[in-house]
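In what follows, chains are A, B, ... by sequence order, proteins preceding strands, each numbered from 1.
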Protein chains: 2
Amino acid sequence: MKNSPISIETVKNLLEAKGVKPSFQRISVLKYMLQKKNHPSVDMIYQNLITQIPTLSRTTIYNTLKLLNKKRVIASLSISDTELRYDYISDPHDHFLCKQCGQIFDIDALTEAMEPKEINGHDVHEVQVNAKGICSSCRAKMN
Amino acid sequence: MKNSPISIETVKNLLEAKGVKPSFQRISVLKYMLQKKNHPSVDMIYQNLITQIPTLSRTTIYNTLKLLNKKRVIASLSISDTELRYDYISDPHDHFLCKQCGQIFDIDALTEAMEPKEINGHDVHEVQVNAKGICSSCRAKMN
DNA sequence: ATTTAAATTTGTAATGATTACAAACAGAGA
DNA sequence: TCTCTGTTTGTAATCATTACAAATTTAAAT
């Protein structure tokens, strides 16, 4: 999980382009996601940012993620049994969740551009493909 | 959501075939799922069965679903943001969740038998394809 | 049938993620 | 500076799920 350095300015522009007023907290949350690329939970974000923003509230993370989700900057992943995870919206791809360590990995889309707008008369807004199992690193440790 | 009548005996045999001791509560839970085909939450099952089994405990539903899941009789669906839903394991198919009413519909598999055993070195145990949007019935009501 | 052991069910308390809500705060304009 | 609006914060409430131990049921053995 290497960190890609990303400037505040870049994140700020990104938020403005999506119609989100770029507050310090919002920039921090999105910057974290863009750099870590780790499909974080609310708590992963909170635990990391609280070291830099001592006054940060968990509620702000919830508010921010809900807003960014509504503005289609990030997607919420219903892949874990216990908590929502979030992902910056970029090229289409699928996800693999390790049931052992909880890490989520990007994987190539398992099927070609499957984005029907309608199924059986229902309006389709999104389709997510979730694989689950044991990641290579955890399998190695199990020997 | 029409109820297919299913005999106790049928459910009992099904459980035994999967190595699950067919207690009254377990039969009741699985019979409910087979008849309703509604991908229920714990609470949906509980609210229905409590009318027939006044002593029923929610914990029993949790225990039963966990056991049936382990024995591969049912699958747990991470599709709702708020609660786990469960589905009897039969022919491969995908799911559509209505974000308005919360109903889950079976849909034809969006892609052909996509069950890789390995992706990027990770062991894959299961793949779920989840569509979300607004169901036809809810859309009609929104006019 | 009685006794015993094991498995199942039940009820209550704890945990943990998320939401509700109102007070505190910050920034933009007049 | 004052005011208005939007943002952030902290606390309390809610809700799904799990932990756990007591009570009950079942099956086996005598």
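- In the helix from dA1(C)-dT30(D) to dA30(C)-dT1(D), the terminal helix axes, each the rotation mapping four pairs' C1' atoms onto the next four within five end pairs, subtend 10°, rounded to 10°.
- Between the OH atom of Tyr46(A) and the P atom of dA17(C) there is a distance of 13 Å, rounded to whole Å.
- In this structure, Leu84(B) places its CG atom 14 Å from P of dA17(C), rounding to the nearest Å.
- Residues in residues 115-143 of chain B take part in these ring pair (Phe, Tyr, Trp, His ring centres under 6.0 Å) pairs, two or more places apart or across chains: Phe96(A)-His122(B), Phe105(A)-His122(B).
- The side chain of Tyr62(B) places no N or O atom within less than 4.0 Å of a non-bridging phosphate oxygen (OP1 or OP2) of dT18(D).
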Protein proximity profile, nucleotides 8-16 of chain C - base contact B, sugar-phosphate-only contact S, no contact -, cut-off 4.0 Å on heavy atoms: SBBBB----
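- Distance, Gln47(B) CD to dA16(D) P: 10 Å, rounded to whole Å.
- By the 4.5 Å side-chain criterion applied to Ile, Leu, Val, Met, Phe, Trp and Tyr, Ile89(B) is assigned to no cluster and stands alone.
- Here the P atom of nucleotide dT14(D) and the CD atom of Glu83(B) are 18 Å apart, to the nearest Å.
- Distance CG (Leu68(A)) to C1' (dT7(D)): 14 Å, rounded to an integer number of Å.
- Hydrophobic clustering places Leu56(B) together with Leu65(B) (ILVMFWY residues linked when any side-chain heavy atoms are closer than 4.5 Å, directly or through intermediates).
- A side chain to side chain donor-acceptor pair (under 3.5 Å) check over residues 50-62 of chain B, counting only residues at least two apart or in different chains, returns the pairs Asp43(B)-Arg58(B).
- Between Tyr86(B) atom OH and dA16(D) atom P the separation is 12 Å, expressed in whole Å.
- Sorted by first then second residue, the side chain to side chain donor-acceptor pair (under 3.5 Å) pairs that include residues 15-34 of chain A, not counting sequence neighbours, are Lys31(A)-Gln35(A), Tyr32(A)-Asn38(A).
- Under the 4.5 Å side-chain criterion, counting only non-hydrogen atoms from C-beta, Ser137(B) is not in contact with Cys101(B).
- Atom pair Lys66(A):NZ and dT7(D):P shows a separation of 15 Å (rounding to whole Å applied).
- Taking the side-chain hydrogen bond (donor to acceptor under 3.5 Å, both in side chains) definition, one finds that Asp81(B) meets it with Ser78(A), sequence neighbours left out.
- Taking the ring pair (Phe, Tyr, Trp, His ring centres under 6.0 Å) definition, one finds that His95(A) meets it with His39(A), His93(A), sequence neighbours left out.
- The NZ-C1' distance, from Lys70(A) to dT19(C), rounds to 15 Å in whole Å.
- With sequence neighbours excluded, no residue forms a side-chain hydrogen bond (donor to acceptor under 3.5 Å, both in side chains) with Lys12(B).
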